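Following: one structure in structure tokens, then a few remarks.
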Amino acid sequence: MKYNHKKVEQKWQKIWEEKGVFHASEDTSKEKFYALIEFPYPSGQGLHVGHPRPYTALDTVARKRRLQGYNVLYPIGWDAFGLPTENYAIKNHIHPEIVTNKNIERFKKQIQSLGISFDWSREINTTDPNYYKWTQWIFIQLFKHGLAYKKEMNVNWCTSCKCVLANEEVVNGVCERCGSEVVHKVKSQWMLKITEYADRLINDLDLVEYPDRVKAQQKNWIGRSTGAEVDFTTTTGDVLTIYTTRADTLYGATYMVIAPEHPLIDKWADRLTNMDEIRKYQASAARKSDFERTEVAKEKTGVMLKGVRAVNPVNNKEIPIFISDYVLVSYGTGAIMAVPAHDTRDWEFAKKFDLPIIEVVKGGNVQEEAFTDCASGIMVNSGMLDGLTVDDAKKKIIDWLTAEGKGHAKVNYKLRDWVFSRQRYWGEPIPIVHCEKCGYVPIDESELPLKLPKVESYEPTDNGESPLAKMTDWIETVCPHCGGKAIRETDTMPQWAGSSWYYLRYMDPHNNKELASKDALKYWSPVDWYNGGMEHTTLHLLYSRFWHKFLYDIGIVPTPEPYAKRTSHGMILGENGEKMSKSRGNVVNPDEIVEEYGADTMRLYEMFIGDFEKAAPWSQASIKGCRRFVERFWNLQSVLIDGDKIRPELESQFNKAIKKVGEDIENIKFNTAIATLMALINDISNVKSINKEELRVFSILLNPFAPHVTEEIYEICGLGSGIIAEQSWPEYDESKCVDDSVEIVVQVNGKIKAKLNIPVYAQKDYVLELAKADENVKKAVGNMTVIKEIFVPKKLINIVVKP
RNA sequence: GCCGGUGUGUCGGAAUUGGCAGACGAGACAGACUCAAAAUCUGUUAUCCGCAAGGGUGUGUGGGUUCGAGUCCCACCACCGGCACCA
């Protein structure tokens, strides 16, 4: 009996679509379950087999939850603004909107052929004005609350995209997307004050269930550190404020370092006797790209400021001031006190410039190397701090500085505000105008959406302006505030804008009065389970948590966190173990797999391939095992017998399988859930028949993974009115999960000597007696003395002997 | 340097609280069916010694705890991911 997957899969996909069986219902009396995958960017390449892994995984969960009676929302949409589409449009002289729609059509067809139970009635598209109206609306709210501001600043500029990048988009000094060189440019940019939420973004990680590696990475990125700001006076009378986490080592500060860009340098220009040298150093530091600046094992460089010295507030000693590019202007105050005895960088610098190294914490040999691992040490050479522990010294010195008005405790973050402007066409227009008189003014909310105008050329410009800047009739407008002449903002929003709130729109996607109704938000929030890639941990995931918290603060959303639970899938690699890519020529197209083996086989293999959270190489040969499994299941109909109860000979196997499959799906252990079902079909083969009840239960357990073939079997074998129609996930009986008899291992000194088949309830004495009667055991024990007998019920017995 | 993770047959990968290492699948080998091949079905498949019964060795390396360690502890090695002159 050959299984015709094409016929069966098309049949059921049509039925599901016509009946709308996967549409989330409005019945709010039912318990809800909101499953979410990161909506795809519809690229021109179409899907490869890596894309469906997360879709299939959450589809399995969603389908199981539906069978358990939940009202499930499992939506999909398109994150369609972005550069690849725009670049393609430029190259081929087609409007990006047309390219986008074409790509979406292709993606949609591919995804639908896999039988994923998405609710297509809620499909959204970030480039649809009815959608980005609300992206713009949120931006206006951010602006009104002072969280969006425009600032002249040093930004990352991608030389190939001709566009600024957020810090999060720069990886190892190159553009995250295209790998081109990133240089610095001073530009006036829209910024979002994500730093205002830094603490809450860390603390509220306690409210959510994310993998530890995700939490750790976000915390790392935000980079909170506690320390103190200390004011050093200088011989000019100006105060030089530094930031340190080691205020306890203040007596060991033998010099200061300020960033080459530090503003005090210009102020001191008249008094500095080596200004030429300083200017030269500043210029060379400015020329360096991020890539050069982060090169490892770099030798320390710097220039001493001649003519100005600083005064250490604890002992009034004068110390020299240097400029060096190892101090960053963007972190802390852009200035440090250098304690060479207890900081590796300061130590290297001090050695190079022959500066004094004063030990202030006992325990190391500070002339040989910096003693940094000194948290448990005792203070020396430190006046009032002598004899204290490092921790106590920190407290005491900060109290003293505070009392003297020379410093105070301070928390710093590595996180920077989010650079939010892009000088490109294919993005949401920023709904702000600039008026000579009133400054930056948001357009009236009644005028949203502010649509992207049709332009002749989307070509990015070399002068760093958006293509929109050439549209004079669009740019020139009136100020909503004073009615005078005003100019529109021509930069657009970054790709991350639309994806920062899309999960909210799914809750009520057709609402044209609000981004979503209060009722919908209240019922569906938060997302119960969100799966996505690790690469978005410090980008999309962090950004959307920030937007959500803001929306929570202004009373729009009912929960402080958007996603209750986050999981992350591993990549599917090419057959050669490398990342799948066109240039490596190892891309596998899911269409071919679906054509040859069917969607059910494809889905099973995607889930069976390995640990869901880890990367796994694709194997064209291994898919066959899943196809064979589907066929073995299909052929069960040929050994079908009557019966409305699971037979005793299969009872424990079935109960165990119901338990295991259910638990494994919830614990993202899809591979072992499928292995369990494969083992169960082996057990059924040994019995040589299956009755109707057994087949019914088996079909339901397999349904979340292989939804087409299971519905077909259910129908043609007359097992009921339909798996999705009936919505009944089987229950298991814990007492029936155990076998009557169990194999017990008999060890002598930890080595296996025999195996006994005994009743589960057997007691130690009985089992021991049986074990000792075994020939092999007798031989191993010989005439040695038994010193210990260990009995683990249902597992083993270990006889410990000594000569 | 800091943070997180991984290391198990030929390959993908399994192993609740420490308790039969290698489930399940692939591949390979042998057999059945076939004129033949494919498909399917059955069996074998960590490794070494042995005709066999049986025994030795095995989860990156070296130690340790324990009756018993893939799992716990200590010290390493290799690889992957993130951050990185963050004071």
Side-chain angles (χ1 to χ4, degrees), chain A residues 2 171-172 211-221 223-225 227 242-246 249 257 259 293-298 300 324-328 330-339 342-346 348-349 372 412-416 534-535 537-538 570-571 575 577 604-605 608-611 613-626 628-629 631-632 635 663 669 671-682 685 743-753 755 775-776 779 787-802:
Chain A
K2 184 83 181 150
V171 176
N172 293 328
D212 287 342
R213 55 187 171 145
V214 172
K215 289 190 183 185
Q217 224 167 287
Q218 288 207 341
K219 278 183 196 166
N220 244 323
W221 184 259
R224 184 187 147 101
S225 83
I242 60 98
Y243 174 73
T244 179
T245 56
R246 294 296 307 275
T249 61
V257 187
R293 254 189 129 157
T294 53
E295 262 178 316
V296 280
K298 230 177 36 176
K300 294 278 177 291
S324 173
D325 64 2
Y326 87 85
V327 172
L328 309 172
S330 52
Y331 185 77
T333 61
I336 61 159
M337 64 171 192
V339 184
H342 304 285
D343 181 282
T344 314
R345 296 151 303 181
D346 298 345
E348 284 168 9
F349 192 89
T372 55
N412 257 328
Y413 304 91
K414 290 186 199 170
L415 185 70
R416 294 289 118 82
M534 281 307 287
E535 70 275 18
T537 302
T538 55
M571 240 190 302
E575 197 124 18
L604 278 163
Y605 183 60
F608 186 64
I609 193 166
D611 185 335
E613 296 187 275
K614 289 192 204 128
W618 185 261
S619 162
Q620 207 63 34
S622 290
I623 303 168
K624 293 200 183 94
C626 292
R628 284 181 196 138
F629 175 54
E631 265 168 29
R632 288 181 76 193
N635 288 330
E663 287 174 355
K669 302 225 175 259
N671 52 338
T672 49
I674 293 168
T676 302
L677 290 170
M678 287 173 167
L680 184 58
I681 214 168
N682 289 343
S685 295
E743 197 176 57
I744 281 211
V745 173
V746 183
Q747 299 178 333
V748 176
N749 282 354
K751 303 243 186 244
I752 300 156
K753 294 295 165 189
K755 292 177 181 184
E775 281 306 317
N776 247 322
K779 218 170 85 191
I787 48 172
K788 215 171 187 181
E789 286 155 346
I790 291 142
F791 176 64
V792 183
K794 291 186 244 176
K795 291 260 154 95
L796 61 64
I797 194 146
N798 189 9
I799 301 168
V800 186
V801 295
K802 225 170 74 179

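Just so it is clear: chains get the letters A, B, ... in the order the sequence lines come, proteins before strands, and each one is counted from 1. Below, each value reflects all heavy atoms present in this structure, side chains not excepted, and no hydrogens, waters or symmetry copies. Just so you know, these numbers come straight off a predicted model, no measurement behind them.
Between the C1' atoms of B:U45 and B:A39, the separation comes to 23 Å (whole Å). The gap from the P atom of B:G43 to that of B:C24 amounts to 12 Å, rounded to the nearest Å. Here the separation of B:G64 from B:G18, taken at their C1' atoms, is 15 Å to the nearest Å. Rounded to a whole angstrom, the distance from the C1' atom of B:G1 to that of B:U57 is 41 Å. When the C1' atom is compared between B:A26 and B:A32, the two are found 22 Å apart, to the nearest whole Å. Nucleotides B:G13 and B:A23 have their C1' atoms positioned 10 Å apart, rounded to a whole Å. Remark: the separation of the C1' atoms in B:U10 and B:G22 is 13 Å, to the nearest Å. Taking atom C1' in both B:U44 and B:G9, the straight-line distance is 15 Å, to the nearest Å.
Contact between the side-chain N/O atoms of A:R628 and the OP1/OP2 oxygens of B:U40 is found at a separation under 4.0 Å. Regarding contacts with the backbone of B:A87, a side-chain N or O of A:S225 is found under 4.0 angstrom from either OP1 or OP2. In this structure, A:Y331 reaches the B:A87 phosphate: one of its side-chain N or O atoms is under 4.0 Å from OP1 or OP2. Between A:K788 and B:C67, a side-chain N or O to OP1/OP2 separation shorter than 4.0 Å is present. OP1 or OP2 of B:A14 sits under 4.0 Å from a side-chain N or O of A:N671. Dashed line: the shortest gap from a side-chain N or O of A:K624 to OP1 or OP2 of B:U40 is not under 4.0 Å.
One interatomic measurement links the two molecules: CG of A:D611 to P of B:A14, which rounds to 5 Å at whole-angstrom precision. Here B:C24 presents its C1' atom at 10 Å from CZ of A:F629, a figure rounded to the nearest Å. In this structure, A:Y326 atom OH and B:A87 atom P are separated by 13 Å, rounded to whole Å. Between A:R213 atom CZ and B:U6 atom C1' the separation is 11 Å, expressed in whole Å. The distance from atom CD of A:E631 to atom P of B:A39 is 11 Å, rounded to the nearest whole Å. One atom, CG of A:D212, and another, P of B:G82, lie 19 Å apart when rounded to the nearest Å. Atom pair A:K614:NZ and B:C80:C1' shows a separation of 12 Å (rounding to whole Å applied). Note: OH (A:Y243) to P (B:C85) measures 16 Å, nearest angstrom.
Of all the heavy atoms in A:I336 and A:D346, the pair that sits closest is CD1-OD1, 3.6 Å. When every heavy atom of A:R632 is checked against every heavy atom of A:S685, the shortest pair comes out as NH2-OG, 3.0 Å. Considering every non-hydrogen atom in both A:A616 and A:I609, the closest pair reads CB-CG1, 3.9 Å. Shown here for A:R416 and A:Y331, the closest heavy-atom pair between the two residues is NH2-CD1, 3.4 Å. Nearest heavy-atom pair, A:S619 versus A:E575, reported as atom, atom and distance to 0.1 Å: CA-OE2, 3.4 Å. Taking both residues in full, the closest heavy atoms of A:T372 and A:H342 are given as CG2-O, 3.5 Å, listed atom of the first, atom of the second, then distance.
The A:R632 side chain lies nearest to B:G25 when the options are B:G82, B:G25, B:C85. Closest contact between the side chain of A:P617 and the listed nucleotides B:G25, B:C85, B:G13 involves B:G13. Side-chain proximity of A:W221 to B:G55, B:C83, B:C85: nearest is B:C83. Closest approach to the A:I336 side chain among B:G19, B:A87, B:C24 is made by B:A87 (side chain taken as heavy atoms from C-beta onward). Ranking B:G25, B:A87, B:C67 by closeness to the A:I790 side chain, first place goes to B:C67. The side chain of A:A216 lies closest to B:G4, out of B:G4, B:G25, B:G19. In the set B:G68, B:C41, B:C3, B:G68 carries the atom at the smallest distance from any side-chain atom of A:N798. Picking from B:G4, B:G19, B:A14 the nucleotide with the shortest atom distance to the side chain of A:T672 gives B:A14. In this structure, the nucleotide among B:G27, B:G82, B:G54 sitting nearest to the side chain of A:N776 is B:G54. Distances were taken from every side-chain heavy atom of A:N682 (C-beta onward) to each of B:C67, B:A23, B:G25; the shortest belongs to B:G25.
Within 4.0 Å (heavy atoms only), A:I609 reaches sugar-phosphate atoms of the nucleic acid but no base atom. Using a 4.0 Å heavy-atom cutoff across all strands shown, A:K755 reaches at least one base atom of the nucleic acid. At a threshold of 4.0 angstrom between heavy atoms, the contacts of A:S619 with the nucleic acid are absent. Using a 4.0 Å heavy-atom distance criterion, A:D346 is classed as making no nucleic acid contact. Across all strands shown, A:K215 has no heavy atoms under 4.0 Å from either base or sugar-phosphate atoms. Within the nucleic acid shown, A:A615 comes within 4.0 Å of sugar-phosphate atoms alone, with no base atom in reach, counting heavy atoms only. Residue contacts shown for A:Q747 include a base, since a base heavy atom lies under 4.0 Å away.
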Let me have RNA chain B in dot-bracket notation, would you? Count Watson-Crick plus G-U wobble pairs, both distances under 3.5 Å, and use [ ] for pairs crossing earlier ones and | for inter-strand partners. (((((((..(((......[....)))((((((.......))))))((((....))))..(((((..]....))))))))))))....
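Separation of atoms CG (A:D343) and OG1 (A:T245) is listed at 8.5 Å; rounding is to 0.5 Å.
Other residues, nucleotides and ligands place more than 12 heavy atoms under 6.0 Å from the CE atom of A:M534.
Below 30°, between 30° and 60°, or above 60°: for A:W618 and A:Y605 the angle between ring planes is above 60°, a perpendicular geometry.
Where A:N412 and A:G750 each meet RNA chain B at their nearest nucleotide, the meeting point lying more 5' is that of A:G750. In this structure, A:K751 and A:G334 both approach RNA chain B, and ranking their closest nucleotides by distance from the 5' end singles out A:K751.
A:K300 contributes a side-chain N or O that forms a donor-acceptor pair with the base of B:C85 under 3.5 Å.
In textbook terms, a nucleotide whose glycosidic angle is within 90° of 0 is syn, and B:G9 is one such case.
Remark: the backbone N or O of A:L796 is not paired with any side-chain donor or acceptor of A:Q747 at under 3.5 angstrom.
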Please test A:I744 against A:F791 for side chain to side chain contact (heavy atoms under 4.5 Å, CB included), starting from the C-alpha separation and ending with a verdict. CA-CA 10 Å; A:I744 281 211; A:F791 176 64; 4.0 Å; yes
